[in-house]
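Heads up: the structure comes next, in structure tokens.
In what follows, chains are A, B, ... by sequence order, proteins preceding strands, each numbered from 1.
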2 protein chains.
Amino acid sequence: MSTNTSGRAQPRQLSKESIVQAAIELIAREGAQALTVRRLGIELGVDATAFYRHFPDKDALVLAIGDHFAGWVYERVQTLVAPETSWQDQIRAVARASWEAIELFSGAMALTFARTSGGEPERHMVELLLEIVEPLGFTPERTVIVYRMLADAFLALTGMNATFESLEPSLQEKDLSAWSRIYAVQSGKGYPAIRRHVKELISVEDKAIFDFTIETLIRGIAAMAEEAGK
Amino acid sequence: MSTNTSGRAQPRQLSKESIVQAAIELIAREGAQALTVRRLGIELGVDATAFYRHFPDKDALVLAIGDHFAGWVYERVQTLVAPETSWQDQIRAVARASWEAIELFSGAMALTFARTSGGEPERHMVELLLEIVEPLGFTPERTVIVYRMLADAFLALTGMNATFESLEPSLQEKDLSAWSRIYAVQSGKGYPAIRRHVKELISVEDKAIFDFTIETLIRGIAAMAEEAGK
DNA sequence: ACCTGAACACCGTTCAAGT
DNA sequence: ACCTGAACACCGTTCAAGT
């Protein structure tokens with residue numbers, strides 16, 4: 001009698017890597033709220049508590065998942081930039097890779113965007129962003145604050161969008177209909193500015209807002225660099 | 001024999017408002033993860049399931065909490081602005097009120113910053129921000145995208161900081177020590193840019209980064225308004 | 001060295017029953 | 001009209017026992 005009749009479930013021998021992989025697949029397939037130790041056990045064909053032989057607790061798994069997607073973003077950026085790429089286009093590459101990660105890892109990003117593991121992929125991302133900002137000729141204090149402005153903006157904006165994307169479909173619909181309730185305020189009195197912009201409020205897209213924000217930050221940095229440089 | 005010997009617990013008669021109030025106090029006192037239907041029942045001196053006579057489910061409570069803090073931010077902004085306040089200072093007032101809300105409502109903000117209820121306080125905030133941006137003379141499309149850039153930046157950045165602030169103390173310490181592990185990369189090889197900025201990376205403060213980001217966005221908007229206006 | 005499975009102390013939510 | 005309390009289907013985690 002086979003012990004593997006339930007579709008998934010294969011590896012008898014667990015490892016940190018196989019658990020992280022299974023967790024990411026589970027989240028991608030069924031959302032962030034499906035990530036439970038028991039579901040993971042079923043996924044891996046193993047008793048749920050075997051998990052605790054490889055991670056001290058669930059939070060450690062969440063941080064490991066965060067490292068995995070930070071690593072993915074870092075690798076993706078490498079494919080988008082060349083040595084002669086301008087600093088503006090390097091920032092755009094990080095923005096693009098971060099946004100693309102939402103499609104692949106929204107659940108994982110929602111769980112981890114406000115967390116820090118201190119792992120290698122995170123150190124790589126810090127180094128990468130600092131190296132983009134450093135040649136602009138700011139003071140060390142200013143270099144660091146510009147780097148953090150970019151890092152926090154990427155994390156916070158993609159994290160917020162990922163949080164929404166990883167909501168249960170029914171909650172997502174609830175929020176979308178709440179927006180249309182706001183924007184369809186046609187009730188005669190109140191909210192004149194909203195009523196003047198209903199069409200635009202409904203049609204604007206999240207990706208366009210994200211890109212517009214990044215361009216605004218790039219322009220601001222360029223203006224500061226010009227002032228500081230000469 | 002009194003039925004109210006346990007410190008808290010007083011109202012026999014529940015209402016949406018008393019539940020939201022108790023939930024906010026509970027979160028402020030014990031963190032976002034302490035908000036459970038059962039704990040709320042104890043807090044209110046009532047069987048846990050009485051909750052379901054006033055809210056369809058826990059998510060509805062979360063959205064009501066979100067409305068409460070959106071209302072607080074809106075009221076706070078009203079005390080910070082006058083009719084003659086410049087658009088720049090109006091944006092700074094919203095930023096300041098949003099940041100102050102983290103101290104008071106970090107747990108509530110962490111739960112709700114990526115959600116929309118469509119309630120009155122949210123409509124007020126949308127109207128407020130649109131009215132700040134509208135006089136700058138952009139096209140309707142541009143007006144809306146600038147409004148959303150500001151709204152999303154406020155929500156995402158304060159939400160990310162609130163998420164961290166509302167973490168259990170032990171997880172907060174874990175993340176802080178992870179940062180110092182990143183920044184103390186003194187291991188001879190690798191991460192040269194990080195090593196060049198260790199001092200600044202350690203000393204930079206989240207509030208300063210938030211303020212710097214807002215100022216950069218304000219500058220960017222001003223530059224665009226100048227181009228568009230003439 | 002790793003996995004199992006019972007157990008503990010929790011969750012959100014439903015529903016028949018009470019007042 | 002609202003509250004109670006048993007019950008259901010879950011959680012994360014611990015620990016003695018197995019191999």
Side-chain angles (χ1 to χ4, degrees), chain A residues 1-4 6 8-20 22-23 26-27 30-65 107 110-112 115 166-171 174, chain B residues 1-4 6 8-20 22-23 26-27 30-65 107 110-112 115 166-171 174:
Chain A
M1 62 275 221
S2 167
T3 56
N4 186 23
S6 59
R8 223 148 308 276
Q10 275 167 33
R12 274 294 79 116
Q13 194 72 342
L14 258 40
S15 67
K16 263 173 133 72
E17 292 70 33
S18 66
I19 292 173
V20 168
L26 177 60
I27 292 172
E30 314 202 24
Q33 86 292 342
L35 182 66
T36 72
V37 176
R38 278 173 172 79
R39 293 291 306 272
L40 220 36
I42 295 169
E43 205 76 5
L44 290 159
V46 118
D47 186 273
T49 63
F51 169 80
Y52 291 94
R53 247 50 61 195
H54 298 88
F55 288 96
D57 52 30
K58 194 186 164 183
D59 188 66
L61 172 62
V62 166
L63 292 181
I65 293 169
L111 288 171
T112 62
R115 304 297 310 280
S166 72
L167 243 38
E168 288 171 44
S170 66
L171 295 184
K174 198 157 80 163
Chain B
M1 63 274 220
S2 166
T3 57
N4 186 23
S6 59
R8 226 146 308 278
Q10 277 166 30
R12 274 294 75 116
Q13 194 72 344
L14 260 39
S15 68
K16 265 174 132 70
E17 292 70 32
S18 67
I19 292 173
V20 168
L26 178 60
I27 291 172
E30 314 202 24
Q33 86 291 344
L35 181 65
T36 73
V37 177
R38 279 173 172 82
R39 292 291 306 271
L40 219 36
I42 294 168
E43 206 75 3
L44 290 159
V46 118
D47 186 273
T49 63
F51 168 81
Y52 292 93
R53 249 49 61 197
H54 298 89
F55 288 96
D57 52 31
K58 193 186 165 185
D59 189 66
L61 172 62
V62 166
L63 292 181
I65 293 170
L111 287 170
T112 62
R115 305 296 309 280
S166 72
L167 242 40
E168 288 171 43
S170 66
L171 294 184
K174 197 158 80 165

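- Counting only heavy atoms from C-beta on, B/Arg38 has its side chain closest to D/dC8 among D/dC2, C/dT14, D/dC8.
- Across the protein-nucleic acid pair, B/Ile42 atom CD1 and D/dC3 atom C1' stand 16 Å apart, rounded to whole Å.
- Residue B/Ile19 contributes atom CD1, which lies 12 Å from atom C1' of D/dC3 at whole-angstrom precision.
- The base of D/dG12 has none of its N or O atoms less than 3.5 Å from a complementary donor or acceptor on the side chain of A/Thr49.
- Residue B/Phe51 contributes atom CZ, which lies 19 Å from atom P of D/dG5 at whole-angstrom precision.
- Judged by distance alone, with hydrogens and angles left aside, the side-chain atoms of B/Asp59 form no donor-acceptor pair with the main-chain N or O of B/Val62 at under 3.5 Å.
- A/Glu168 places its CD atom 13 Å from the C1' atom of C/dT13, with the value rounded to the nearest Å.
- Comparing atom distances between the B/Asp47 side chain and each of C/dC3, D/dT4, D/dG12 picks out D/dT4 as nearest.
- Here the shortest heavy-atom pairing between A/Leu44 and A/Ser18 reads CD2-O, 4.0 Å.
- When the P atom of D/dT13 is taken as reference, atom CD of B/Gln33 falls 13 Å away, rounded to whole Å.
- The side chain of A/Val37 approaches D/dG12 more closely than any other nucleotide in the set D/dG12, D/dC3, D/dC15.
- The side chain of B/Val46 has D/dT4 as its nearest neighbour among D/dT4, D/dT14, C/dC2.
- Here the C1' atom of nucleotide C/dG12 and the CZ atom of B/Arg39 are 16 Å apart, to the nearest Å.
- Close to C/dA1, at under 4.0 Å from its OP1 or OP2, lies no side-chain N or O of A/His54.
- For the pair B/Tyr52 OH and D/dC3 P, the interatomic distance rounds to 14 Å; values are reported in whole Å.
- Remark: P of C/dC11 and CD of B/Glu30 are 11 Å apart, rounded to the nearest angstrom.
- Pair assignment for D/dG5 gives C/dC15, based on Watson-Crick or G-U wobble hydrogen-bonding distances that are each under 3.5 Å.
- Look at the P atom in both D/dA9 and C/dA9: the space between them is 22 Å, to the nearest Å.
- In this structure, the separation between CG on A/Leu61 and NZ on A/Lys58 is 8.0 Å, given to the nearest 0.5 Å.
- Between D/dG12, C/dT14, C/dC11, one nucleotide has an atom nearer to the side chain of A/Lys58 than all others, and that is D/dG12.
- Among the protein residues, B/Leu35 comes within range of the sugar-phosphate backbone only, with heavy atoms under 4.0 Å from sugar or phosphate atoms but none that close to a base.
- How far CD of A/Glu17 is from NE2 of A/His54: 9.5 Å, rounded to the nearest 0.5 Å.
- With values rounded to the nearest 0.5 angstrom, A/Thr112 atom OG1 is found 8.0 Å from A/Leu63 atom CG.
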